[in-house]
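For reference, the structure is listed below as structure tokens.
Here the structure is a predicted model, which means the values were calculated and not measured.
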Amino acid sequence: MRRIHLTRDEPTTVDPDPEAEQRILDGLNEKQREAVTTTEGPVMIIAGPGSGKTRALTHRMAYLLATGRAQPRDILALTFTNKAASEMKERVEDLVGDDARGMWVGTFHSSFARLLRMEGDKIGYSQDFSIYDTSDSKRIIKQQMQSRQLSGVNRDVVKPRAVQRMISSAKNQMIGPEEYKSLARGDQQEAAAKIYPAYERALQQANALDFDDLLLKPIELFNEHEDVLEKYQRRWQYVHIDEYQDTNQAQYVLARKLADRHQNLCVVGDDAQSIYAFRGADITNILSFDQDYPEATTIRLERNYRSTKNILRLADSIIDQNDDQIEKSLWTDNAEGEYVALMEALSEKDEAQKIERRIRDLHLREGMEHGDFAVLYRTNAQSRAIEEALRKENVPYRVIGGTSFYERKEIKDVLAYLKLLVNPNDSASLQRVINYPTRGIGDKTQERLQRYAQQHNLSLWQAIERAESIETLGTRAVNAVDKFRHLIARYASKAESTPADELARDLIQDAGVLSDLRKEHTQENLRRWENVQELISALAEYVANTDDATISTFLQEVALMTDQDEAEDEGDKVTLMTLHAAKGTEYPVVFIAGLEEGLFPLEQATQEKSELEEERRLFYVGVTRAEKRLYLSWARSRYRYGEQTSNTRSRFLEEVDSDVVRTEAGGELEQESDRFTSGGGSTESYDEMDPHYYRQNLSGNGKNKGSSDGLRRIESTDGGSGRRVVYDEGQGEIVPGARVEHSKFGDGKVQSVEGEGEKATAVVYFGSDIGNKKLKLKFAKLRVIR
């Protein structure tokens with residue numbers, strides 16, 4: 001047995017374990033070993049994509065334990081997903097066994113929620129406080145907006161969701177209600193400034209915290225109770241922060257406060273992968289680390305174990321365009337690999353079909369699994385065309401980032417009932433289910449209860465408890481309210497003595513939720529009923545696998561779950577997701593779709609240098625998800641916001657290293673002098689007998705012979721529905737999305753082209769006055785506008 005030594009006023013130490021120490025260092029490269037063994041003082045580990053970041057971090061924690069520098073309770077490790085936290089704990093335990101038990105490893109939000117449940121009473125919160133998600137917060141804000149006169153504010157313009165975002169943004173920057181009031185400009189911010197203090201009071205009254213509060217309240221606690229701060233500073237001798245480039249102002253302050261005593265702060269991250277500014281992430285936290293800690297040691301993990309040389313060269317050429325970055329140079333011993341392929345498409349439908357065909361080709365010809373493929377895009381809306389193409393050919397797929405299980409209405413309804421058992425003052429949950437299923441407590445009754453609560457400075461639940469004394473409530477309403485109160489109170493009283501899953505099952509049965517879902521025998525209701533049963537199963541599994549499991553601990557775990565935590569392996573399926581959601585993943589084959597100016601980068605992100613650099617970092621993140629093959633695609637026209645638009649390809653494609661990029665053509669990849677493009681506008685078609693792309697020759701010789709009318713014809717398939725014909729009159733292609741000029745109708749946009757030879761026609765939209773015109777191309781003499 002290892003011997004533990006206790007020293008006065010300092011963390012305990014343990015005898016070193018030489019065998020474990022050697023096992024921990026074996027297999028690490030030189031830089032990883034340096035990161036592991038540099039244990040004292042501030043350390044910044046700059047970890048490029050695929051460089052073994054998690055390996056270095058977990059081996060470092062294990063090294064601290066194996067060498068006797070620390071025992072588990074001395075180590076704090078904070079990250080951003082429960083999945084990452086669980087992986088960390090498992091890896092350390094694999095290295096040092098049970099000696100790892102007792103480390104405090106978790107997400108920022110779960111770790112500080114845990115701390116607040118132990119210490120929150122010092123700032124006015126009981127240990128059973130509720131955690132409000134975005135929809136809960138919006139419900140409270142909407143209620144506050146309705147109950148207060150916002151003079152001079154147009155409520156048709158100022159929406160609760162916008163106010164919620166502004167308050168959240170203020171909290172991320174540690175700006176309180178009073179300071180925000182002095183900074184507010186314009187209707188939106190002034191409305192938020194009026195609601196902000198009322199929203200905070202409503203949260204306090206409900207014994208609830210929103211996600212931002214889980215970081216702000218610990219700072220408040222530490223500022224007001226130095227003894228509590230000192231307690232945790234003494235305990236956590238070694239503080240580790242994963243994904244440091246994603247930290248916001250509050251997380252930065254917490255890290256500094258907790259590491260202030262011992263100064264053993266180790267941050268791991270990559271400034272080139274900072275892509276969450278919209279969530280409050282501040283890239284300057286990592287860029288200025290050596291200024292915050294002048295004595296810090298900086299270690300660069302630059303060896304990439306994931307991608308081929310060609311993919312890595314492309315990635316380097318992308319990020320080299322940014323000015324605000326920490327210098328680094330990625331390298332790999334991996335193979336040269338395939339060239340990066342550029343796919344040009346006529347439309348989003350054509351792009352989706354090309355992606356699907358390439359997946360089918362690699363699946364059939366090379367035996368790749370569907371789970372080996374990921375399709376990444378800038379906006380969620382882009383998934384529609386890709387999903388349609390995959391569905392049409394029966395290619396299995398999953399979409400990451402849709403409505404998550406715990407965001408579904410029926411699940412949130414059941415969770416609201418469970419929240420009331422542990423915190424009846426949770427007004428957001430109370431309002432959600434007080435009349436679901438319908439029980440005779442309508443809007444007017446609820447308004448009277450809320451008015452009474454506000455007039456007497458009570459929570460909504462306290463008003464419900466006094467329903468009999470509220471003169472504005474009729475007898476029927478009082479009886480309905482009392483029945484609901486007894487339902488919640490009865491099950492709350494059983495919470496201590498009844499297993500959580502059994503309690504939940506009986507409550508939703510008694511409340512009428514299950515019978516309501518079975519009332520209408522529709523597929524939708526059946527699916528919702530099954531989802532509720534799945535929730536009960538999840539709770540039962542939690543009870544079976546968790547010591548001292550309660551409704552309260554289960555609710556906390558669910559409240560702090562992220563999209564990535566829910567993204568479980570769903571078998572052999574193609575993965576579709578946004579570039580933001582792709583961070584932290586890797587796939588043998590990656591497609592990045594929609595590389596068009598205005599879409600990626602987004603048009604609004606091109607106005608400010610900092611925003612454009614973040615878009616470029618997002619491109620870098622997407623590219624570095626690929627292990628073996630990478631495909632980039634763009635479409636000349638795309639429906640956006642209900643209108644078909646003509647596109648130019650993204651500036652990012654003009655910046656990358658053209659030596660490693662080839663345009664797909666003729667079953668091969670061709671490099672061309674004009675930066676891997678065909679200049680005047682090629683199209684690609686797909687031969688169903690040979691699943692490879694081939695490029696038509698635009699010069700009119702070879703494969704494309706001039707037709708009898710003098711127009712050159714280029715054919716391409718349209719998803720198996722017959723051939724679509726595109727015409728070139730010498731000045732540019734007449735294709736869907738092209739801008740053209742007609743001698744009589746003026747300027748227009750081509751909507752579609754069909755037919756062959758003398759029968760070829762185009763539908764052109766000439767504005768609202770003229771509308772669509774179907775024209776024979778033989779006679780139309782359309783001129784393409786450049």
Side-chain angles (χ1 to χ4, degrees), residues 108-109 112-113 115-116 119-126 129-134 136-155 157-226 228-229 247-257 277-282 284-285 425 427-428 453-455 457-459:
F108 273 95
H109 290 88
F112 289 107
L115 187 147
L116 286 171
E119 310 284 357
D121 61 313
K122 297 176 178 64
I123 54 173
Y125 291 89
S126 78
F129 62 79
S130 295
I131 299 173
Y132 279 5
D133 63 13
T134 302
D136 295 327
S137 297
K138 189 170 73 171
R139 181 186 292 272
I140 298 301
I141 287 169
K142 183 177 181 180
Q143 180 185 325
Q144 296 302 317
M145 290 179 70
Q146 290 172 343
S147 64
R148 282 167 173 77
Q149 294 298 320
L150 302 182
S151 57
V153 174
N154 185 346
R155 295 194 195 183
V157 174
V158 180
K159 302 295 184 184
R161 177 70 179 119
V163 173
Q164 190 272 332
R165 281 197 299 263
M166 285 182 278
I167 293 175
S168 178
S169 177
K171 288 188 173 188
N172 275 324
Q173 299 172 67
M174 297 179 61
I175 298 173
E178 284 304 312
E179 184 181 0
Y180 189 80
K181 185 177 180 181
S182 66
L183 297 173
R185 298 291 183 272
D187 280 359
Q188 301 265 358
Q189 291 185 3
E190 287 174 5
K194 292 177 180 178
I195 293 299
Y196 194 173
Y199 170 67
E200 291 293 276
R201 287 193 296 271
L203 286 177
Q204 181 84 45
Q205 197 169 55
N207 190 35
L209 300 175
D210 61 23
F211 283 144
D212 300 311
D213 288 332
L214 294 177
L215 303 178
L216 290 179
K217 294 303 179 182
I219 295 174
E220 180 184 319
L221 172 67
F222 293 154
N223 287 341
E224 294 181 6
H225 298 273
E226 290 187 10
V228 177
L229 173 59
T247 54
N248 62 22
Q249 180 66 12
Q251 289 159 336
Y252 167 83
V253 170
L254 285 167
R256 292 211 66 170
K257 281 183 177 292
F278 69 97
R279 293 182 185 170
D282 187 351
T284 60
N285 291 347
N425 289 318
S427 56
Q454 290 169 2
Q455 290 170 348
N457 196 29
L458 301 171
S459 70

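- Using modelled atom types and a 3.5 Å distance limit, the side chains of R161 and Q164 yield a donor-acceptor pair.
- Note: F112 and F108 have parallel aromatic rings, judged against thresholds of 30 and 60 degrees for the angle between ring planes.
- At a threshold of 4.5 Å between non-hydrogen side-chain atoms, the residues R165 and Q188 do not count as touching.
- Here the side chain of N207 pairs a donor or acceptor atom with the backbone of S126 at under 3.5 angstrom.
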*asked:* I'd like to know whether K257 forms a side chain to side chain contact (heavy atoms under 4.5 Å, CB included) with N223, so could you lay out the CA-CA distance, the side-chain angles of the two residues, the decisive distance to 0.1 Å, and finally the verdict.
replied: CA-CA 10 Å; K257 281 183 177 292; N223 287 341; 2.9 Å; yes

*Tell me, with the steps shown, if L221 and L115 meet side chain to side chain contact (heavy atoms under 4.5 Å, CB included).*
CA-CA 10 Å; L221 172 67; L115 187 147; 3.6 Å; yes

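- Closest non-hydrogen pair, M174 versus E179, comes out as O-OE1, 4.3 Å.
- With a 4.5 Å cut-off on side-chain heavy atoms, V158 and M145 count as touching.
- The shortest heavy-atom contact between A170 and Y196 is CB-CE1, 4.1 Å.
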*Should E224 and K122 be marked as a side chain to side chain contact (heavy atoms under 4.5 Å, CB included) after you check the CA-CA gap, both sets of side-chain angles, and the distance that decides it?*
CA-CA 9 Å; E224 294 181 6; K122 297 176 178 64; over 6 Å; no

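- Listed here is the closest heavy atom pair of E200 and P177: CG-CG, 4.1 Å.
- Across all non-hydrogen atoms, the minimal contact from I219 to L215 is CG1-O, 3.5 Å.
- Using a 4.0 Å cut-off between charged side-chain N and carboxylate O, K217 and E220 make a salt bridge.
- A donor-acceptor pair is defined here as one N or O able to donate and one able to accept, closer than 3.5 Å; no such pair exists between the side chain of N248 and the backbone of N172.
- A side-chain contact (heavy atoms from CB on, under 4.5 Å) with F129 holds for exactly one of L203, N425, L214; it is L214.
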*Give the intermediate values and the outcome of side chain to side chain contact (heavy atoms under 4.5 Å, CB included) for residues I123 and L116.*
CA-CA 9 Å; I123 54 173; L116 286 171; 4.3 Å; yes

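- Distance check, rounded to the nearest 0.5 Å: CD of E190 to OH of Y180 gives 9.5 Å.
- In this structure, CG on L254 lies 10.0 Å from CD on Q249, to the nearest 0.5 angstrom.
- By the 4.5 Å heavy-atom criterion applied to side chains, K142 and V163 are not counted as neighbours.
- Side-chain contact check for D210 and S137: no donor-acceptor pair (N or O, by modelled atom type) lies under 3.5 Å.
- Under the 4.5 Å side-chain criterion, counting only non-hydrogen atoms from C-beta, D282 is not in contact with Y252.
- Side-chain atoms of Q173 and S169 form a donor-acceptor pair, as typed in the model, at a separation below 3.5 Å.
- In terms of heavy-atom proximity, H109 sits nearest to F211 at CD2-O, 3.2 Å.
- Between S427 and Y132, the shortest heavy-atom distance links the atoms N-OH, 3.2 Å.
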